[in-house]
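First up is the structure itself, then whatever we jot down about it.
Values in this document were obtained by computation on a predicted structure and should not be read as measured data.
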Amino acid sequence: MPRLVRQIAISILSVLIMGTVNQVLADHTTNNSGPIKISPVVKEGGAAIRLSPINIIGVVPDQQPQTNATILKGRSLRLQQSDTLGQTLQEELGISNASFGPGVGIPVIRGLTGSRVRILQNGIGTHDATSLSPDHAVAIDPLFAEEIKILRGPEIVRYGGNAIGGIVDVNDQRIPEKRAKNPLSGSVESRYDTNGNGSNSAFKLNMGKDRFAFNLGGFFRNRGDTRIPGKAIDELFVEQQLGLTEIHNVSGKIPNTDSAGMGGYTGVSWIGNNIMAGMSVSHTDNRYGVPKGSHNLDPNHLDGLESILPRIRDLTGFEDIFGPQALFPNIRINMQQTRYDFKSEWYEPMRGIESISFRYGLVNYGHTEMEGGSPFTRFKNDVGEGRVEARHAALPHLTGTFGVQWINRNFSALGVETFVPPTQQQMLGVYTTQEYSLEKWIVRGGIRFEHSRVDPGANELKLRGSALPPVALPSSLDYQALSASSAVQWNPRQNTALTLTLNRGKRPPDIQELLALGPHLATRSFEIGNVQLQNETVNMVDLGLEWKSERISSRVNGYYNRTDDFIYLRNTGLVYEIDNEVIRQRCVSEVECVSIFAYDQRNAEFTGFESRVDATLYRMPRGNVLLTLFSDYVRGRFVNGDRADVPRMPPLRYGAELGLGNDLWNTALRYTRAQAQPHPGRNETPTDGYHLLTASADYQIKAGKWGDVWLFAKGHNLLNEEIRNSVSFLRNFAPEPGRSFIFGLRATF
């Protein structure tokens with residue numbers, strides 16, 4: 001595979017060199033012809049103004065609506081932007097937020113997340129540790145986003161098996177793609193959240209001259225502990241599941257949920273007439289706490305100390321025995337990521353080829369998990385991902401892409417919680433997507449072949465002590481996956497689209513699913529991998545209808561997903577005592593114990609729908625009255641054996657939003673009803689339903705040539721409901737934030 005990668009790199013350099021030579025020749029010709037000339041004397045038959053020819057590249061006719069794609073941008077994106085990507089997207093159809101305290105928010109698409117949902121930053125994976133564990137944050141700051149795309153259709157084959165559940169692509173335009181219109185432009189934004197006294201500020205600067213363009217951006221985020229309406233820990237759960245009747249609980253807030261982050265980027269591009277090349281460098285530093293209660297000592301078994309603790313007021317001299325960090329240590333995560341991104345586009349290099357593009361990202365990611373102020377585990381993920389893609393228009397009605405993608409990954413988790421050995425992973429994928437349109441029909445399709453190889457850096461998996469025998473490992477694990485996707489779209493009218501999508505995708509197992517063995521304290525779990533895992537195979541059918549008129553638009557999707565050999569974490573019902581290094585059925589001593597989860601495979605099915613109707617109820621001279629109705633639902637079950645429930649599925653949601661406004665100002669009131677989730681999965685707990693009420697208002701001030709100023713405010717969870725998120729691993733220890741108000745200002749110049 002390294003030899004093939006070198007060959008691909010040589011080909012890329014050849015293409016770029018040829019494009020650069022052609023560009024230099026074109027520039028020379030243009031310079032010799034001179035600028036626009038206006039002659040005071042016109043000869044007979046001549047022209048008063050002599051213009052250089054202008055080539056128009058990339059003009060695409062209006063695209064028909066697609067029921068399996070969502071694009072969030074403009075005012076809608078600005079109002080939804082939050083501290084995490086999951087929070088930003090949680091109001092979109094079919095998307096939930098797998099929160100792990102306010103510092104972590106991972107998108108869940110139709111009940112799928114982790115290694116099944118590919119999160120991209122400008123077309124290249126984030127390559128953080130979100131797929132490894134739910135307590136790891138996405139290494140993207142949503143405040144930089146200019147556009148967020150959510151894709152579920154045939155285009156997902158371009159991104160590999162880890163996109164079988166969908167794609168979230170965040171475009172922040174950090175690499176300039178167009179020449180700067182002004183020598184200096186940009187934006188500044190700042191917002192304040194009353195819940196936790198959170199502040200989030202960012203700036204962007206766009207500069208350029210002639211063929212060069214520069215971008216610069218930075219952000220700073222800080223917040224305190226999250227405020228909640230009731231108690232942090234669900235005491236009924238603790239008593240039923242863990243057998244504990246006396247716990248250290250608090251009301252009104254979730255301790256150890258403060259966070260702070262900062263980062264920035266710089267990008268530069270050279271932009272010619274039909275070619276561009278650019279790069280960017282970015283760095284993100286994120287520090288946050290895992291909510292209290294994720295792993296504590298059992299206060300029922302303190303060998304008599306529990307009778308003394310409540311009476312102690314002054315802990316001077318006894319901090320090592322009775323102090324909060326000894327009994328209930330904080331878990332903190334310090335995350336850093338540095339990215340180097342490269343991008344090049346060559347437009348119309350030859351007849352029939354619209355563009356040839358090159359993307360490459362080099363990501364150095366690491367985070368340290370701290371317990372009680374001491375480092376426990378250091379995670380490192382160094383990844384290089386590249387993609388070469390050619391887009392063609394070979395026939396009048398046929399367009400498509402041909403591409404190659406490769407990934408080289410070096411992963412390690414070293415320290416007390418070394419539950420995955422150092423591992424190298426390589427992936428190579430070759431794919432094509434095609435689209436044929438004729439009158440009222442559009443046919444889309446794609447196919448991809450992918451080879452993945454995992455090379456463990458150890459001969460066996462073993463754990464300190466004698467709790468489990470060593471597990472022998474092969475020298476390498478190889479997987480081949482062939483995926484295909486197709487869609488037929490019928491447009492009986494210009495404003496109506498009926499789409500049938502069929503997907504068959506394969507996903508090779510991820511590193512942690514194969515090689516995990518050991519405790520992970522942040523998630524209160526002991527994870528056991530399985531080197532016998534096979535490819536996951538997804539068979540999905542999606543039927544969608546989208547209809548628009550002058551005053552009403554609607555969208556509805558119904559889908560069925562049958563996944564053979566679905567990989568999941570099974571709660572074994574056993575516990576592991578970390579200090580004694582033994583497996584038990586219940587926690588019986590004073591030592592710390594965690595639940596044991598094992599990776600397993602079973603056939604599963606997912607059935608669901610998404611629907612939305614937008615209507616203009618009344619038009620006024622200075623604004624319109626708008627109404628939106630929405631609902632989504634997914635049910636996941638295993639299809640063989642006892643037909644148990646797939647764990648951590650989102651509940652049925654429905655609601656309405658009433659808005660009033662125009663292009664300059666807007667107000668909206670949104671109500672969401674989430675039903676109870678009575679199907680949590682084996683050894684998991686159900687969650688109650690809740691009512692979520694939010695309100696928003698914004699106003700834009702036009703400042704003429706100087707720019708615009710945008711003022712906005714949003715109220716979240718106005719009813720101050722206690723919300724336990726069914727897709728969260730920490731729902732019994734950390735409810736969602738209570739009532740909050742967000743005030744912000746954005747200025748562009």
Side-chain angles (χ1 to χ4, degrees), residues 86 90 94-101 104-114 116-117 133-135 165 230-244 291 293-295 520 523-527 561 563 566-575 586 594-608 632-654 672-692 721-736:
Q90 63 184 348
I95 299 182
S96 304
N97 176 30
S99 60
F100 204 89
V104 180
I106 304 173
V108 178
I109 300 179
R110 294 179 172 178
L112 302 178
T113 188
R116 299 179 183 89
V117 174
S133 179
D135 63 307
K231 294 184 177 181
I233 301 176
D234 185 346
E235 297 180 357
L236 181 61
F237 156 78
V238 172
E239 181 178 357
Q240 292 177 348
Q241 298 289 320
L242 304 179
L244 307 180
S294 57
H295 66 100
H520 191 195
T523 58
R524 193 181 175 84
S525 65
F526 182 101
E527 298 179 14
N561 175 356
T563 302
F566 180 79
I567 301 173
Y568 72 107
L569 262 179
R570 173 173 55 88
N571 191 333
T572 65
L574 303 174
V575 296
R586 293 181 68 84
V594 296
S595 299
I596 296 179
F597 292 83
Y599 283 99
D600 204 349
Q601 286 187 302
R602 290 181 67 179
N603 296 340
E605 62 181 7
F606 302 83
T607 307
D632 57 15
Y633 174 73
V634 59
R635 175 73 189 279
R637 302 184 70 179
F638 296 110
V639 299
N640 52 358
D642 57 1
R643 292 185 62 82
D645 300 307
V646 176
R648 293 172 294 280
M649 288 286 104
L652 168 66
R653 298 187 303 183
Y654 54 87
T672 302
R673 169 60 178 169
Q675 295 289 92
Q677 178 52 279
H679 309 290
R682 177 169 295 176
N683 296 321
E684 300 286 348
T685 56
T687 54
D688 295 331
Y690 59 86
H691 304 271
L692 180 62
E721 288 261 308
E722 180 178 306
I723 299 174
R724 302 280 177 176
N725 190 346
S726 64
V727 300
S728 170
F729 274 83
L730 278 190
R731 59 184 177 272
N732 296 305
F733 300 99
E736 298 302 294

Backbone of L652 reached by a side-chain donor or acceptor of Q675 within 3.5 Å: no
Pick from R637, R635, R643: which one makes a side-chain hydrogen bond (donor to acceptor under 3.5 Å, both in side chains) with E605? R643
Using the test salt bridge (Lys or Arg N to Asp or Glu O under 4.0 Å), find all partners of R602 that sit at least two apart in sequence or belong to another chain. D642
Test item: R648 and Q677 side chains (from C-beta on) under 4.5 Å apart, heavy atoms: no
Partner of N561 under side-chain contact (heavy atoms from CB on, under 4.5 Å), chosen from V634, L112, T607: L112
Verify, without hydrogens or angle tests, whether S525 (side chain) and S595 (backbone) share a donor-acceptor contact under 3.5 angstrom. no
Indicate yes or no for a side-chain donor-acceptor contact from N571 to the backbone of G573 under 3.5 Å, with no hydrogens or angles considered. yes
Non-neighbouring partners of F597 that pass ring-ring contact (aromatic ring centres under 6.0 Å, His included), sequence neighbours left out: none
Give a yes or no answer on whether the side chain of T572 reaches the backbone of I596 with a donor-acceptor pair at less than 3.5 Å. yes
Greater than 12 external heavy atoms within 6.0 Å of D688's CG: no
Using ring-ring contact (aromatic ring centres under 6.0 Å, His included) as the criterion, list what pairs up with F638, not counting sequence neighbours. Y568
Say whether, by atom type as modelled, one donor and one acceptor occur between the side chain of D234 and the main chain of N732 under 3.5 angstrom. no
Using a 4.5 Å cut-off on heavy atoms from C-beta on, say whether the side chain of P680 contacts that of T685. no
pair Y599-L569: side-chain heavy atoms closer than 4.5 Å: yes
Heavy atoms of S728 and S99 approach each other most closely as OG-O, 2.6 Å
If I compare all heavy atoms of N97 with all of G86, which pair ends up nearest, and what's the gap? OD1-CA, 3.3 Å
Any sub-3.5 Å donor-acceptor pair from R724's side-chain atoms to R731's backbone N or O? yes
